[in-house]
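A short worksheet on the structure shown next.
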Amino acid sequence: MRAYRDYLERTTGMTQRQLHALLPKGNEGGTMRAMVLGRISLVEGKPLKLVNLPKPIPGRDQIVVKVSACGVCHTELDEIEGRVAPSQFPMILGHEIVGRVESLGSAAKRFRKGDRVGIAWINWACGKCSFCLNGGENLCDTAKWTGKDADGGYAEYTVVSEDFAYPIPEKFSDVEAAPLLCAGVIGYRALRLSGMEDGKVLGLYGFGASAHIVIQVAKHKYPDGKVFVFTRPKQEEHQDLARKLGADWIGATGDTPPKKLDCAIDFTPVGEPVREALRNLQKGGRVVINAIRKTTLIPELDYTEHLWYEKEVKSVANVTRRDAEEFLPLAAEIPIIPETREFKLEEANEALLLLKEGKIRGAGVLKIAE
Ligand SMILES: [Zn+2]
Ligand SMILES: [Zn+2]
């Protein structure tokens, strides 16, 4: 194992101490390939390194999952660049995981070997605090997040408590299901929090992985509602996709739409669209911010123009298991087939860079196994 750690030290830039903590002792289960993050870096520096690591072993109530696909999410950009830093290094990122149960812990009973399951951002919650007891496990102080506090899906195998895995409806291929697990689930939560109702106007700022799923849910649930989509100027690929998915009006952030927005969801990584959404908002409306971090500040607000008349701003933080359990069957019923672009595991750095540049139409997904 020592020679192996020396090799990893050279190839990953991690310290012996970090590697010692990462590699379990006496692991006889074989190795797996993984793309790991050793330290906070810029995405442009191709920070993920391909390494061989021991395959995980399930704890009592855990399952080991052979990963077939893992979505690439904006949150990974925040993790890599330190806005949402992983709680330890090295870390295997990735929280839109689809795979098959490979092995089970002695007390794990929900699934059988070979079952197809998904794993999302919520990796574990305490189940005892006031948030957990009142349906708000997304706000639990001691919760763990997949790919941030526990190793995620940019690898051939991963491990999770059986209570935090979900059956995947047959309707979807592995690659199609992956983006549903974050972009889809959190988009569903954001739509619920927005207060959208049939006949109303919903504004979507940004049209990436999450928004292109939300528009499909909104069109299904609110057939007489309208959806207005705002993208970066001249982001034609995103605008074409919005048109194809039934957007009632498409413009650029900064444009004034033909009608006021009764509610809006901001999916962008920057601050300006929040003010824009408030400016275009109907009295009593609500803007929901679906972002874990912003790379720029929300610009100064003018109280009269942006907030008066009981306008509200609300953020979305994380997801609950209930969001995933409600959304996955709904997505199959509609059905929502996410637009995806496949990458290989070892192409994760390239996929992340394209995501950062806003150049992936729909959702990027690492295809790891058949
Ligand atoms: Zn995500
Ligand atoms: Zn809790």
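Ligands are counted one by one from 1 in listed order, and the atoms in each one are counted from 1 as well. Note that the structure is predicted; figures quoted are calculated from it, not measured. Side chains are part of it too, since the values below use all heavy atoms of this structure and drop only hydrogens, waters and symmetry mates.
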Worksheet entry | Ring centers of Trp249, Phe230 separated by less than 6.0 Å |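 Centroid distance Trp249-Phe230: below 6.0 Å, so yes.
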
Worksheet item: Are there more than 12 heavy atoms of other residues, nucleotides or ligands under 6.0 Å from atom NZ of Lys226?
Response: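 Counting other residues, nucleotides and ligands, NZ of Lys226 stays at 12 neighbours or fewer.
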
Practice prompt. Give a yes or no on this: more than 12 heavy atoms of other residues, nucleotides or ligands lie within 6.0 Å of atom NZ of Lys259.
Written response: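 Count not over threshold, so no.
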
Is the side chain of [X] donor-acceptor paired with the backbone N or O of [Y] at a distance under 3.5 Å, no angle test?
X: Lys66; Y: Tyr157; value: no
X: Asp115; Y: Phe111; value: no
X: Asp255; Y: Ala252; value: yes

Practice prompt. Check the Zn ion (ligand 1) and write out every protein N, O or S atom at under 2.8 Å, as residue and atom.
Written response: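 Under 2.8 Å from the Zn ion (ligand 1) - ignoring waters, which are not counted - the protein N, O or S atoms are Cys73 SG, His95 NE2, Cys182 SG.
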
Item to complete: Applying side chain to side chain contact (heavy atoms under 4.5 Å, CB included) between Ile80 and each of Leu42, Leu93, Ile40, Thr75, report the one that passes.
Response: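 Of all the options given, the one that passes is Leu93.
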
Worksheet item: Ignoring waters, how many protein N/O/S atoms are under 2.8 Å from the Zn ion (ligand 2)?
Response: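 The number of such protein atoms is 4.
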
Worksheet entry | Any pair counted as ring pair (Phe, Tyr, Trp, His ring centres under 6.0 Å), so long as it reaches residues 272-292, sequence neighbours left out |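 As it turns out, there is no ring pair (Phe, Tyr, Trp, His ring centres under 6.0 Å) pair with a partner in residues 272-292 once direct neighbours are skipped.
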
Worksheet item: With sequence neighbours left out, what residues match Gln235 under side-chain hydrogen bond (donor to acceptor under 3.5 Å, both in side chains)?
Response: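 Not a single residue meets the side-chain hydrogen bond (donor to acceptor under 3.5 Å, both in side chains) criterion with Gln235.
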
